[in-house]
Participant: 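Supplied in structure tokens, the structure appears directly below.
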Protein chains: 2
Amino acid sequence: MSTPGVGRVQLRIMQVLWDRKQATAREITAALNEDEPIAHSTVQTLLRKLEAKGVAAHKAEGRTFLFHATIKEQKVVRKATRDLLERVFDGSAAGLVAYLLKNERIEESELEEIRRLIGPKNKK
Amino acid sequence: MSTPGVGRVQLRIMQVLWDRKQATAREITAALNEDEPIAHSTVQTLLRKLEAKGVAAHKAEGRTFLFHATIKEQKVVRKATRDLLERVFDGSAAGLVAYLLKNERIEESELEEIRRLIGPKNKK
DNA sequence: CCCTGTCGTTTACCTTGGTAAATCTTTCCA
DNA sequence: TGGAAAGATTTACCAAGGTAAACGACAGGG
């Protein structure tokens with residue numbers, strides 16, 4: 001299976017799991033509520049859906065469940081990025097990079113790092 | 001209204017409209033079918049949905065409709081990119097650029113263009 | 001011992017995107 | 001002139017994502 005897609009809120013849940021390695025539903029709800037209101041039952045429903053698609057799992061810790069991610073963040077990042085690339089930039093990573101450089105503000109310190117990543121012009 | 005989101009296929013339809021300035025439903029169906037099979041009625045349904053959300057419109061040309069986009073491609077590109085940025089890269093354009101440079105193949109000729117866009121290191 | 005709060009589970013909607021057949025309508029040619 | 005072809009419109013599903021109340025089970029305090 002080719003990395004299932006996760007929705008917006010589902011992703012936020014996954015991010016909590018990646019951050020903390022493991023967390024109870026309650027903890028996740030608390031974490032998400034720092035940004036936007038969401039009912040605990042909603043979080044539980046989403047956790048189920050995440051487990052159903054195999055990207056998260058849980059083990060019982062007494063009466064409560066401890067959830068953890070079963071897929072690497074890298075995979076999800078890759079899929080999300082590839083999606084944008086395919087849909088909007090005709091598959092061209094360079095096109096997206098160019099777009100970002102032209103249209104989004106980037107700090108000089110960050111540009112520095114980017115220059116480093118590209119490396120010097122190597123003449124062929 | 002803050003630029004409505006358009007789905008995968010809806011976006012492909014919009015891309016045809018941006019390309020050709022205007023097109024009939026038939027022409028759009030034909031264009032999409034070059035890549036993947038899709039029923040004409042599906043295209044028509046989607047065109048309606050696009051009109052409903054105000055990103056496309058039509059004028060009658062005899063018995064048939066001529067559709068055209070009513071929103072700039074730039075807007076949709078921006079929204080889609082911002083979405084990925086917010087959801088996955090914590091809003092950091094530099095983070096996404098770095099990710100792309102590290103994980104996606106980019107041609108040397110394209111790198112050249114990217115270097116140009118960044119500009120030379122200006123020492124502080 | 002029982003009541004209440006906390007767990008997880010079940011059930012129920014709503015929206016959006018996608019897919020497409022069925023149907024109404026008009027045109028035009030055989 | 002009558003019916004097929006081609007438009008548009010209506011109607012119908014299905015899946016996914018999100019939202020959340022309702023419900024059943026249980027542990028722990030008073």
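Treat the numbers as computed from the prediction; the structure is a model and nothing was measured.
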Participant: How many whole angstroms separate atom CD of A:E51 from atom C1' of C:dG8?
Facilitator: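 Checked: the CD to C1' distance equals 11 Å.
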Participant: Taking only N and O in the side chain of B:T42, is any of them less than 4.0 Å away from OP1 or OP2 of C:dG18?
Facilitator: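 False: B:T42 side-chain N/O out of range (4.0 Å or more) of C:dG18 OP1/OP2.
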Participant: If you assign A:E36 and B:S41 each to the DNA chain D nucleotide with the nearest heavy atom, which residue ends up on the more 5' nucleotide?
Facilitator: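 Final value for this comparison: B:S41.
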Participant: Rounded to the nearest angstrom, tell me the gap between atom CG in B:L47 and atom P in D:dG7.
Facilitator: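 Value for this atom pair: 13 Å.
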Participant: Could you tell me whether a side-chain N or O of B:Q44 sits under 3.5 Å from a main-chain N or O of B:A25, the two making a donor and an acceptor?
Facilitator: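 Checked: no pair found.
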Participant: Return the value, rounded to whole Å, for the distance between atom CG of B:L46 and atom P of D:dA8.
Facilitator: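 Rounded to whole Å, this separation is 15 Å.
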Participant: Less than 4.0 angstrom between a side-chain N/O of B:Q44 and OP1 or OP2 of D:dG7, yes or no?
Facilitator: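 Answer no for this pair, as no side-chain N or O of B:Q44 is under 4.0 Å from OP1 or OP2.
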Participant: Over all strands shown, is A:T64 touching base, sugar-phosphate only, or nothing at heavy-atom distances under 4.0 angstrom?
Facilitator: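 It contacts sugar-phosphate atoms only.
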Participant: With no angle test and no hydrogens, is the base of C:dT6 tied to the side chain of A:R26 by a donor-acceptor pair under 3.5 Å?
Facilitator: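 Side chain to base: no pair below 3.5 Å.
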Participant: Looking at B:R105 and B:E110, is there a salt bridge between them, counting it only when a charged N and a carboxylate O are closer than 4.0 Å?
Facilitator: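 B:R105 and B:E110: not salt-bridged.
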Participant: Measure from the side chain of B:I38, starting at C-beta and using heavy atoms only, and say which of C:dT6, C:dA20, C:dG18 lies closest.
Facilitator: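 My answer, after comparing the listed nucleotides, is C:dA20.
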Participant: Which listed nucleotide (C:dG17, D:dA8, C:dT19) is nearest to the side chain of B:V9?
Facilitator: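 The nucleotide sitting nearest to the side chain is C:dT19.
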Participant: Does B:T45 make a side-chain donor-acceptor contact with the base of C:dA20, cut-off 3.5 Å?
Facilitator: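 Such a pair exists between side chain and base.
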Participant: Specify the separation, in whole Å, of atom NE2 of A:H40 and atom P of D:dC23.
Facilitator: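 Between P of D:dC23 and NE2 of A:H40: 18 Å.
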Participant: Taking only side-chain nitrogens and oxygens of B:K53, does any of them come within less than 4.0 Å of OP1 or OP2 of C:dG17?
Facilitator: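 Looking at the OP1 and OP2 atoms of C:dG17, one of them is under 4.0 Å from a side-chain N or O of B:K53.
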Participant: Parallel, tilted or perpendicular, judged at 30° and 60°: which one describes the rings of B:H58 and B:F67?
Facilitator: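 Answer is tilted, since the angle falls between 30° and 60°.
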Participant: Starting at CZ of B:F65 and ending at C1' of C:dT25, how long is that distance when rounded to a whole Å?
Facilitator: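 For the pair B:F65 CZ and C:dT25 C1', the rounded distance is 12 Å.
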Participant: Where the side chain of B:A39 is defined as all heavy atoms beyond and including C-beta, which of C:dA20, D:dG18, D:dA20 is the nearest nucleotide?
Facilitator: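 Of the candidates, C:dA20 comes closest.
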Participant: Send over the distance from B:E61 CD to D:dA8 P, rounded to a whole Å.
Facilitator: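 Answer to the nearest Å: 12 Å.
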Participant: Take the protein atom CZ of B:R8 and the nucleotide atom P of D:dA16, then report the distance between them rounded to whole Å.
Facilitator: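 Those two atoms, CZ and P, are 15 Å apart.
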Participant: Kindly say whether A:V55 contributes a backbone atom to a donor-acceptor pair with the side chain of A:T70 at under 3.5 angstrom?
Facilitator: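 Yes; judged by distance alone, with no hydrogens or angles, the pair exists.
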Participant: If you measure from the Lys or Arg side-chain nitrogens to the Asp or Glu carboxylate oxygens, is any gap between B:E86 and B:K79 under 4.0 Å?
Facilitator: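 So B:E86 does not pair with B:K79 through a salt bridge.
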Participant: Roughly, in whole Å, what's the span from NZ in B:K49 to C1' in C:dT15?
Facilitator: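 After rounding, the reported distance stands at 10 Å.
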Participant: Check whether the side chain of B:R63 and the base of D:dA6 form a donor-acceptor pair under 3.5 Å.
Facilitator: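 A donor-acceptor contact between them is present.
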